[in-house]
Amino acid sequence: MEYKFKEIEKRWQDYWEENKTFRTEDDYTRPKFYVLDMFPYPSGSGLHVGHPEGYTATDIVARYKRMKGFNVLHPMGWDAFGLPAEQYAIETGTHPSVTTQNNCENFRRQIKALGLGYDWDREVNTTDRGYFKWTQWIFIRLYNTWFDEKQQKGRPIEELEIPEHISKEGKESVQNFIADHRLAYYDDAQVWWCPHCRIVCSNEEVLNDGTHEKCGSLVERKNLKQWMLRIPHYAERLLEGLDGLDWPEGVKDMQRNWIGRSTGAEVEFQIEGSGQSLRIFTTRPDTLFGATYMVVSPEHLLLEALTTDDQKDQVDKYVAQARLKSELDRSDLSREKTGVFTGSYAINPVNNQQIPIWVADYVLMGYGTGAIMAVPGHDTRDFEFATAFSLPILCIMNPHGADEELRTLVLAGKACWTEDGTYVNSVHAGTGLDINNLSKEQGIARTIEWLQERGLGKSAINYKIRDWLFSRQRYWGEPFPVIHWEDGEITLLEDADLPLELPALERYEPGSHGESPLANATSWLIVNDSKGRKGRRETNTMPQWAGSCWYYLRYIDPDNDQEPFSKIKENYWMPVDLYVGGAEHAVLHLLYSRFWHKVLYDLGIVSTDEPYNKLFNQGMILAFAYESKTGAKVPSDLVEERDGSYVHTETGEPLNQIVAKMSKSLKNVVNPDDVVAIYGADSLRLYEMFLGPLDAVKPWVENGVKGVYNFLNRVYKFFADPTHYFTGDEDPEVLKSLHGTIKKVGGDIEALHFNTSISQMMIFTNLCIKKGKVTPETAEAFIRVLGPFAPHLSEEIWQQLKNQSSIAEASWPIYDESFLQEDTHEYPVMINGKLRFKIVLLINLESEEIRKQVLQHETAVKWTGGADPKRFIHVPSKIINIVV
RNA sequence: GCGGAUGUGGCGGAAUUGGUAGACGCGCUAGACUUAGGAUCUAGUUCCUUCGGGAGUGUGGGUUCGAGUCCCUUCAUCCGCACCA
């Protein structure tokens, strides 16, 4: 009765493949459940143990839901455009599609070896012409859509009303006006350029220290013509949509933070001695009385006009330095404030005070208006700057809750107070504004009202999110269905001309100055229209995010060549009920695809406003690593264990065991293929789930696999052996445990608590082994519960129990609550809050009778001395507590 | 600095509404079976103990008959964002 997992797993994987056990039909009469994994980039190194974690979790849910009668969609595919294949092509000349195909095959083989029940007839690949045709089709939709602010809705570009003064100016103005409203537009953009990869990076791909996240080189600023998507138009919708989603709070917050909404006001400051004004954004218009100077960013358009002749040299020098700094010293963390006086003054509208205008790089051009009013009394950055350059500091807020020493300093303008307080110095007879004695909310409201009455400002909302840079100077991506004509006109291909495929190339190197390799494909590149006009195809390609923005929709109808997906099918399957993947996509992929989805929704192409109903992030799987006392990392193959501590094999130096990310340099990477070879796929699946809560970060412990392997062995040896069966009435204890297990495991799967459901199955198995014999009915029910977790082993035993069809098609057993009810309960009895003894009592006993029986117990008498206790607490079916 | 999360045995981790802290597994200890075992099975395993008990869920306090769970305080670790006006 040996557990031959290799044989068993091979047999059932072949069976599933031949019988298409996991094929999903579009049966609209049944309730649907769409469970989705974040599809992988098929890298050359294959799966790591992190992949099967999420995949196993969704597989268990999918199998369980199927057994519960749902029509389940559980597909897999490949996010296959991307740099590594292109890099490999540059090095070897191998076409990326060849590399991609090989990698996909390897991934598919590995995934099938884990017994994951995907419907392979629905496999998608973002690099297939039948797939990216529709990615291009969606791009055309984005191009032909504008966002109606009033309706908060994307609308077809034909419905955009052209204002009269624009149409009067002629065709070109009209075209420009339309272009300014399209969700996709082509324009000069200052972009991040990675000189190493020779590629443009999106803001999201540049790390804090100014390096490219992919290669670690410092990026540079560069001006290039680029495709951009106006995602900020959807900021409000993307923000609102989050509220109704069953997502981890952390992910929602990250998205909110990324969108970065803040409310406040825009205020115009007149520049003294010029007709111009300087506009600023502030979240605290109520602190206008405390604005003692202004600052513009070094890139501000008005800077030149503001700079007086006297200050020109200094300002020019500063701006040049700032530019250099933004390219080289971004990692410089010493945040000392620098800046230069422009020579100009503005008038503070609330008190007609003359205040100096400075230029400083702590003001960012990319946020708000690129200019600020500085309130050094109540803003730490402004305070720092004012102190450094001896600018006046005015307190307008008497601090709440500050000690007297601090209060005195704040009132004297010698310390900064950023919390709430009572307004002081916030009235001016000349301008008529008085907010003294108002609350913060009233102060803000009153000031905005005052500004609006005088046309000096208005309430405003600002977002951090910026237009999405949507093109890359790369070969291995979706080509844009775009032609740039010699007269400057831009046209998009007709739907009927899609897909636009990539040309064959000899060489895949990008140009050194931002030219895509596609620029070398002359015969592909140049086009002529019927009138002989010459045009050039767009040579940029779309970023890798494009394909993953909508893949969940293609699974619904993967072979459709008439439309991206059928409307009826989409209506049935959407939204995704459960989406599982890593937290690294918390912002980018999830925000981008929500954006696309909302546009498609506005255009009536999809039926839901949001794509993913419930999102779950699996925690990363780490591994043990070793470091010396100095913190130097030591590869695992140079470590040995002696008497419970770890030492360096060569030097004998004592080492500490730490937990770290798996990495080649630490030699602690676990390959799922190796685990499958030693313990089998069911053991790997079970261990990945038993390791800990799905969302927790947890280390891989080799010995733990043995634990679950042992469990499966015990299951096999017990349930696959007919001598362990008897016919007749099942032991009540087994029956109770079985029904408890069915209930517990079902509930745990719904809650994604797989670790505790495995514990429960272990408890049940241990009981059965202890009892020695069970009925076949008990075995059948238990094996169905185990099925989603260890499908190969379960199929094997299921078949031995004389079942003809796959266990995947069996129904989930129904538990009977009556087996779970007890007529007696073993009460823990606590005396003064400490457990002293236990007593078995009938559940339906009168409370007087319970009191009597408990107090008669010898241990109770010992503590009470026979006297009546002060209190006697009886919680039915829970606990008894006696206070003496 | 801001936001999110997490602190429980030697280790991974359990503990619906406050109600037996340490389930389940690893490891360890002892025993059985074995030529042998890093196989399998059985028993034990939070710590201290004068064997009556006592202490115990990062720290300190509070509410309660009763707190890992609720409230306040504080420390540590991880993740994300960060000169965002």
Side-chain angles (χ1 to χ4, degrees), chain A residues 208 248-258 260-262 264 280-284 287 291 294-295 297 335-337 360-364 366-375 378-382 384-385 418 462-465 583-584 586-587 617 619-620 622 624 644 657 659 686-687 690-693 695-708 710-711 713-714 717 747 751 753 755-766 769-770 826-838 862 869-884:
Chain A
N208 291 338
E249 219 31 63
V251 175
K252 287 197 201 180
D253 270 319
M254 279 162 76
Q255 294 215 347
R256 288 189 187 110
N257 195 284
W258 191 263
R261 179 188 205 267
S262 34
I280 61 103
F281 172 76
T282 176
T283 54
R284 292 299 299 275
T287 62
M294 300 183 79
V295 186
S297 80
R335 298 245 167 92
E336 239 163 76
K337 296 275 182 292
D361 64 3
Y362 83 92
V363 173
L364 309 172
Y367 185 76
T369 62
I372 61 155
M373 66 174 196
V375 185
H378 306 285
D379 179 287
T380 47
R381 294 154 302 168
D382 297 344
E384 225 178 283
F385 190 81
T418 58
N462 221 305
Y463 300 94
K464 277 194 253 182
I465 192 168
E584 68 271 20
V587 179
N617 291 131
M620 208 188 312
L622 308 177
F624 288 124
Q657 190 181 55
V659 167
L686 224 56
Y687 180 59
F690 189 59
L691 206 50
D695 54 353
V697 174
K698 48 216 173 254
W700 183 274
V701 185
E702 174 78 27
N703 274 337
V705 190
K706 260 188 243 168
V708 293
N710 236 331
F711 164 64
N713 259 295
R714 285 155 64 82
K717 281 179 189 161
H753 293 166
N755 52 334
T756 48
S757 40
I758 293 169
S759 298
Q760 182 60 42
M761 290 189 281
M762 287 172 168
I763 292 169
F764 177 75
T765 306
N766 291 344
I769 292 170
K770 203 174 126 196
E826 187 183 41
Y827 279 95
V829 180
M830 301 170 86
I831 296 169
N832 291 339
K834 286 216 170 286
L835 179 71
R836 294 301 168 184
F837 64 96
K838 290 180 184 177
K862 188 176 131 196
K870 267 193 208 146
R871 288 190 68 171
F872 187 92
I873 296 130
H874 166 227
V875 186
S877 295
K878 280 272 161 68
I879 203 163
I880 288 162
N881 195 6
I882 304 169
V883 185
V884 294

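All chains are named by letter (A, B, ...) in the order of the sequence lines, taking the proteins before the strands, and each is independently numbered beginning at 1. The figures that follow rest on heavy atoms only: side chains count, while hydrogens, waters and symmetry mates do not.
Residue A:Arg871 has no polar side-chain atom (N or O) positioned under 4.0 Å from OP1 or OP2 of B:G66. OP1 and OP2 of B:A39 both lie 4.0 Å or more from every side-chain N or O belonging to A:Asn713. Look at A:Asn710 and you'll find a side-chain N or O under 4.0 angstrom from OP1 or OP2 of B:U40. Phosphate proximity of B:A14 to A:Asn755: present, with a side-chain N or O under 4.0 Å from OP1 or OP2. For B:G66, the OP1/OP2 oxygens have no side-chain nitrogen or oxygen of A:Arg836 closer than 4.0 Å. Proximity of A:Lys834 to the phosphate of B:A55: a side-chain N or O atom is located under 4.0 Å from OP1 or OP2. The side chain of A:Ser262 places an N or O atom within less than 4.0 Å of a non-bridging phosphate oxygen (OP1 or OP2) of B:A85.
Side-chain N or O atoms of A:Asn462 include none that pairs as donor or acceptor with a backbone N or O of A:Ser262 at under 3.5 Å. Between the side chain of A:Tyr687 and the backbone N or O of A:Trp700 there is no donor-acceptor pair closer than 3.5 Å. Side chain of A:Tyr827 to backbone of A:Ser877: a donor-acceptor contact under 3.5 angstrom is found.
Of the two residues contacting RNA chain B, namely A:Leu835 and A:Ile758, the nearest-nucleotide position lying further toward the 5' end is that of A:Leu835. Nearest-nucleotide mapping onto RNA chain B: of A:Asn881 and A:Asp379, the residue sitting toward the 5' end is A:Asn881.
Residue contacts for A:Ile763: at a heavy-atom cut-off of 4.0 Å it reaches the sugar-phosphate backbone alone, with no base atom in range. Within the nucleic acid shown, A:Val708 has no heavy atom closer than 4.0 Å to any nucleic acid atom. Nucleic acid contact class of A:Asn462 (heavy atoms, under 4.0 Å, all strands): none. When heavy atoms are screened at a 4.0 angstrom cut-off, A:Pro248 is found touching no nucleic acid atom at all.
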Give the C-alpha distance, both sets of side-chain angles, the deciding distance and a yes or no for side-chain contact (heavy atoms from CB on, under 4.5 Å) between A:Arg714 and A:Asn766.
-> CA-CA 9 Å; A:Arg714 285 155 64 82; A:Asn766 291 344; 2.5 Å; yes
Derivation of the side-chain contact (heavy atoms from CB on, under 4.5 Å) call for A:Phe837 and A:Ile880 = CA-CA 10 Å; A:Phe837 64 96; A:Ile880 288 162; over 6 Å; no
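Across B:G4, B:G12, B:C83, the shortest atom-to-atom separation from the side chain of A:Asp253 is found for B:G4. Checking B:A23, B:A14, B:U42 against every side-chain atom of A:Arg714, the shortest atom distance belongs to B:U42. Considering only the side chain of A:Lys838, B:U20 comes nearest among B:U20, B:C26, B:A85. The side chain of A:Asn703 approaches B:C26 more closely than any other nucleotide in the set B:C24, B:C26, B:C81. In this structure, of B:A21, B:C24, B:A15, it is B:A15 that holds the atom nearest to the side chain of A:Thr756. When each of B:G13, B:C81, B:C83 is scored by its nearest atom to the side-chain atoms of A:Lys464, the top-ranked nucleotide is B:C81. Among the nucleotides B:G13, B:G19, B:A85, the one closest to the side chain of A:Val875 is B:G19.
If you measure from atom CZ of A:Phe711 to atom C1' of B:C26, you get 16 Å, rounded to the nearest angstrom. Rounded to whole Å, the distance from CZ on A:Arg261 to P on B:A85 is 13 Å. Here the C1' atom of nucleotide B:C79 and the CG atom of A:Leu622 are 12 Å apart, to the nearest Å. Taking atom CH2 of A:Trp700 as the reference point, atom P of B:G13 lies 14 Å away to the nearest angstrom. Summarising the geometry, the separation between CD1 on A:Ile873 and P on B:C65 is reported as 7 Å, rounded to the nearest angstrom. The distance between atom NZ of A:Lys878 and atom P of B:G18, rounded to the nearest whole Å, is 10 Å. The NE2-C1' distance, from A:His753 to B:A15, rounds to 12 Å in whole Å. Taking atom CE on A:Met373 and atom P on B:C83, their separation rounds to 20 Å, with Å as the unit.
Nucleotides B:C71 and B:G7, compared at atom P, are 15 Å apart to the nearest Å. Taking atom C1' in both B:A67 and B:U20, the straight-line distance is 14 Å, to the nearest Å. Remark: the separation of the P atoms in B:C24 and B:A76 is 36 Å, to the nearest Å. Here, B:C47 and B:G56 have their C1' atoms 8 Å apart, quoted to the whole Å. Taking atom P in both B:G27 and B:A82, one finds a spacing of 45 Å when rounded to whole Å. Here, B:G58 and B:G53 have their C1' atoms 27 Å apart, quoted to the whole Å. Using atom P as the reference point in both B:G37 and B:C28, the two lie 15 Å apart (nearest Å). Rounded to whole Å, the separation between the C1' atoms of B:U40 and B:U49 comes to 37 Å.
Between A:Gly368 and A:Phe281 the shortest heavy-atom distance is CA-CB, 4.2 Å. Closest approach of A:Pro869 and A:Ile882 over heavy atoms only: CB-CG2, 3.4 Å.
Annotation: cation-pi geometry not satisfied between A:Lys337 and A:Phe385 (NZ/CZ under 6.0 angstrom from ring centroid, within 45° of ring axis).
Base orientation for B:G9: syn, the chi torsion being within 90° of 0. B:G52 takes the syn form, because its glycosidic angle lies no more than 90° either side of 0.
Between the base of B:C26 and the side chain of A:Lys706 there is no donor-acceptor pair shorter than 3.5 Å.
Nucleotide B:G1: paired with B:C81 (Watson-Crick or G-U wobble, both distances less than 3.5 Å). Taking a pair to require two hydrogen-bonding distances under 3.5 Å in either a Watson-Crick or a G-U wobble arrangement, B:U57 remains unpaired. Pair assignment for B:A30: B:U42, on the basis of Watson-Crick or G-U wobble contacts that are both within less than 3.5 Å. In this entry B:U6 has B:A76 as its Watson-Crick or G-U wobble partner, both defining distances falling under 3.5 Å.
With hydrogens and angles left out, the side-chain atoms of A:Asn881 and A:Arg871 include no donor and acceptor closer than 3.5 Å.
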